[in-house]
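Numbering starts at 1 and runs along the sequence shown. In what follows, every heavy atom counts, from backbone to side chain, and hydrogens, waters and symmetry copies are set aside.
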Amino acid sequence: MNEGTSVLLGLEDEFTVLQLERIDADTVRVVIEVIDTEGACPECGVLTSRVKERPLVPV
């Protein structure tokens, strides 16, 4: 996705826009990814630089 889309949506510092599509006249789907280089283990909470997956979360 174009970096301009991230800037337009105000997401350039923390997120990357992966996909943007119009579903219908009133609905737009935006798929974004966190830029963080490390994350906490969901089970034990220990920080790691190896992120294995990034689940889709509807907002």
Visitor: Side chain to side chain contact (heavy atoms under 4.5 Å, CB included) for V28 and L20? Distances and angles first, verdict last.
Guide: CA-CA 7 Å; V28 175; L20 179 68; 3.6 Å; yes
Visitor: If the condition is salt bridge (charged side-chain N to carboxylate O under 4.0 Å, His left out), which residues does R22 pass it with, not counting sequence neighbours?
Guide: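 By the salt bridge (charged side-chain N to carboxylate O under 4.0 Å, His left out) rule, R22 matches no residue at all.
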Visitor: Against Q19, only a single residue in I32, V31, V30 fulfils side chain to side chain contact (heavy atoms under 4.5 Å, CB included); can you say which?
Guide: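 It is V31; the other options fail the test.
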Visitor: Restricting to salt bridge (charged side-chain N to carboxylate O under 4.0 Å, His left out), what partner residues turn up for E43, sequence neighbours left out?
Guide: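 Per chain and number, E43 pairs via salt bridge (charged side-chain N to carboxylate O under 4.0 Å, His left out) with no residue.
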Visitor: Who are the side chain to side chain donor-acceptor pair (under 3.5 Å) partners of E38, not counting sequence neighbours?
Guide: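 Scan of E38 (side chain to side chain donor-acceptor pair (under 3.5 Å), adjacent residues dropped) gives none.
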Visitor: Under the side chain to side chain contact (heavy atoms under 4.5 Å, CB included) test, which residues partner D26, sequence neighbours left out?
Guide: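 With sequence neighbours excluded, D26 shows a side chain to side chain contact (heavy atoms under 4.5 Å, CB included) to D24, given in chain and number order.
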Visitor: Quick check: closest heavy atoms across A40 and G45, and the distance to 0.1 Å?
Guide: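 Distance-wise, the nearest heavy atoms are CB-O, 3.8 Å.
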